[in-house]
There are 2 protein chains.
Amino acid sequence: MSDALAKGSELKAPEVKEEASPGHIRVRNRALILTAAEEVFATQGYRGATTAAIAKKAGLPKANVHYYFGTKEALYAAVLEDILGLWLGELDRIVETSDPATALAGYIRAKVHLSRERPLASKVYANEMIRGARHTRDFLKTELRNLVKEKAKVLEAWAAAGKMEPVDPVHLFSVIWAATQHYADFEVQVGSLLGRRQLAAKDYDEAAETIVRLVLRGCGLKYDSR
Amino acid sequence: MSDALAKGSELKAPEVKEEASPGHIRVRNRALILTAAEEVFATQGYRGATTAAIAKKAGLPKANVHYYFGTKEALYAAVLEDILGLWLGELDRIVETSDPATALAGYIRAKVHLSRERPLASKVYANEMIRGARHTRDFLKTELRNLVKEKAKVLEAWAAAGKMEPVDPVHLFSVIWAATQHYADFEVQVGSLLGRRQLAAKDYDEAAETIVRLVLRGCGLKYDSR
DNA sequence: ATTAAATTTGACCAATTGGTCAGGTTTTGA
DNA sequence: TCAAAACCTGACCAATTGGTCAAATTTAAT
């Protein structure tokens, strides 16, 4: 056995008691199923996803999936719930005290990063929108709308302070979301155009810079193209 | 009967001989089926679309759908074929002799217009990309890639002539496509954020202007925000 | 150790789905 | 007018699907 390997093995420090804490099975299996479901829903669509395929990908019998989530629809709702949490976080940096260019650029880069790290989540969400947001209507009309209204005030304040030009906030966010999520949802198209099977880190970076450039300049902010 | 209505009826000028030309049944029914299929594929996804639903929407028995298109997959391919034709046309205005700002703005406005007029086509295409472009890979890697390469040369020429700043063409087109098609694919989301059930003509116009503004300024071109 | 609760799962079911087909009707062209 | 081609469609089928369930096993808590 090589030194490195031996060292690695010895280092798995905590030496947890093999299994632990009540409910850990529930937690582990729900996570397995949710991960598998995200992939199957993303690549096959809601209707195309079968509970059998999800179960197989999770390494569990189909009846087990129904044991934990009841129906396919409830499982789908749970997957969406996870994704919405992921989406909502990054907007925090858009606050009045931030510098507009820094905040917007940071948000865009973070969103592109998410498209690279969690493309399946983006695809599930896109699918949900395309099909009319049957399971997400309330979220859109309340939570998301309020969040955007809040951020709209920040943009207005920036504009009033002469830090940027006024821009319609809904259209600005729409363009940012569309452009950034495009690199997850239409990954295969962008890859084809760039002549790659898979997008590389560099491609995501260049995408982010392009989007940042258009948005900042569009808002009357400085951006130096290198 | 109102004047307007009567006038409208009388005006249906050509008064074609009730039926006509051999093969007209084939043409008419294929069109009925393709239109119905576009809607069902758009709103239900590939797997979610049933030939029965398509037949019902077309007002024909299911067996008739199979009579004209054979399999569901062949019908889907035919729908995609139609859509790709629609997509490819508008790029014509991006030629070296055009003024960059005029050409790009015109293209963006035309694409937004298409999102409003043919949202279902956009949704079918988005679905196809999300699922990995199983039926469109070849098109992407050959036709679309070559088209973009061609347009890339135009952008380079414009930049070399000092008419605009250099921009990565693939990322520029990706952002334009993402932003414009967003108003078809994520229509329900934009509507929720704007507090409308349906987007109005004004909303599409404002969307187009926002995108034009970001893109032109991003390319170092003038755009006056009114 | 004991028992209640949680978990597991093969077998099963009713409904749906893409697709077929035979026998009929209508359209077309000579 | 008439036969061939095109078109139509109700009835049917094998496969798949989401979901159920009862009996067995494992885990948790006393």
Side-chain angles (χ1 to χ4, degrees), chain A residues 16-80 124 127 131 134-135, chain B residues 16-80 124 127 131 134-135:
Chain A
V16 188
K17 271 286 284 300
E18 184 57 26
E19 302 293 339
S21 74
H24 76 279
I25 296 180
R26 186 169 201 83
V27 171
R28 188 236 302 149
N29 284 354
R30 281 182 62 101
L32 279 175
I33 294 167
L34 282 170
T35 301
E38 181 175 288
E39 178 170 346
V40 177
F41 281 128
T43 56
Q44 312 291 327
Y46 176 75
R47 189 78 181 291
T50 68
T51 54
I54 292 168
K56 190 179 176 185
K57 186 141 299 201
L60 297 170
K62 189 183 73 165
N64 209 328
V65 170
H66 283 96
Y67 172 70
Y68 280 109
F69 288 94
T71 67
K72 177 181 171 180
E73 183 147 349
L75 173 54
Y76 179 67
V79 170
L80 276 178
V124 173
N127 235 308
R131 293 187 319 135
R134 285 196 196 41
H135 294 74
Chain B
V16 188
K17 271 284 286 299
E18 183 59 26
E19 302 294 338
S21 74
H24 77 279
I25 295 180
R26 186 171 201 80
V27 170
R28 188 236 302 148
N29 283 353
R30 281 183 61 100
L32 279 176
I33 294 168
L34 282 170
T35 300
E38 181 175 289
E39 176 169 349
V40 178
F41 281 128
T43 56
Q44 312 293 326
Y46 176 75
R47 189 76 181 294
T50 69
T51 54
I54 292 168
K56 189 178 177 187
K57 186 140 298 197
L60 298 170
K62 191 184 69 162
N64 210 328
V65 170
H66 284 96
Y67 172 72
Y68 280 110
F69 289 94
T71 66
K72 178 181 170 179
E73 183 146 349
L75 173 54
Y76 180 66
V79 170
L80 276 178
V124 173
N127 237 308
R131 292 189 320 136
R134 285 192 189 54
H135 295 73

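Here is the naming used below: chain letters follow the sequence lines, and residue numbers restart at 1 for every chain. In what follows, every heavy atom counts, from backbone to side chain, and hydrogens, waters and symmetry copies are set aside.
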Quiz item: Can you list the residues that meet the side chain to side chain contact (heavy atoms under 4.5 Å, CB included) rule with B:Arg47, with sequence neighbours excluded?
Solution: A:Thr50
Practice problem: Give the rounded distance in Å between these two atoms: CZ of A:Arg28 and P of C:dA6. | Solution: 17 Å
Quiz prompt | Heavy-atom pair of closest approach, residues B:Ile54 and B:Ala36 | solution = O-CB, 3.5 Å
Self-check item: Minimum heavy-atom distance B:Lys62-B:Thr51, with the two atoms named
Solution: CD-OG1, 3.5 Å
Practice problem: Could you tell me which residues satisfy side chain to side chain donor-acceptor pair (under 3.5 Å) with A:Lys56, sequence neighbours excluded, listed by chain and number? | Solution: none
Quiz item: Which letter, B, S or -, goes with each nucleotide of nucleotides 11-22 of chain C from 5' to 3', with contact meaning a protein heavy atom under 4.0 Å?
Solution: -----SSBBBB-
Quiz item: What integer distance in Å separates B:Leu60:CG from C:dT25:C1'?
Solution: 16 Å
Quiz prompt | Close side-chain approach of A:Leu34 and A:Leu75, heavy atoms under 4.5 Å | solution = yes
Quiz item: Do any pairs count as a side chain to side chain donor-acceptor pair (under 3.5 Å) and have a residue in residues 30-45 of chain B, sequence neighbours left out, and if so which ones?
Solution: B:Glu38-B:Arg118, B:Glu39-B:Lys57
Exercise. Grab the two heavy atoms, one from B:Arg134 and one from B:Arg131, that are nearest each other, plus how far apart they are.
Key: NH1-O, 2.8 Å
Self-check item: Parallel, tilted or perpendicular: rings of A:Phe41 and A:Tyr76 (30°, 60°)
Solution: perpendicular
Quiz prompt | Nearest atoms (heavy-atom pairs only) where B:Ala78 meets B:Phe69 | solution = CB-CE2, 3.9 Å
Exercise. Determine to 10° how strongly the helix from C:dA1-D:dT30 to C:dA30-D:dT1 is bent, judged from the axes of its five-pair ends.
Key: 30°
Any N/O pairs under 3.5 Å between the protein and nucleotides 3-7 of chain D? List them or say none.
{"from": "D:dC7", "atom 1": "OP2", "to": "B:Arg26", "atom 2": "NH1", "distance (Å)": "2.7"}
{"from": "D:dC7", "atom 1": "OP2", "to": "B:Tyr67", "atom 2": "OH", "distance (Å)": "3.1"}

Quiz prompt | d(NZ, B:Lys56; P, D:dT9) in whole Å | solution = 17 Å
Exercise. State, to 0.1 Å, how close A:Ala42 and A:Asn127 come at their nearest heavy-atom pair, and which atoms those are.
Key: O-ND2, 4.1 Å
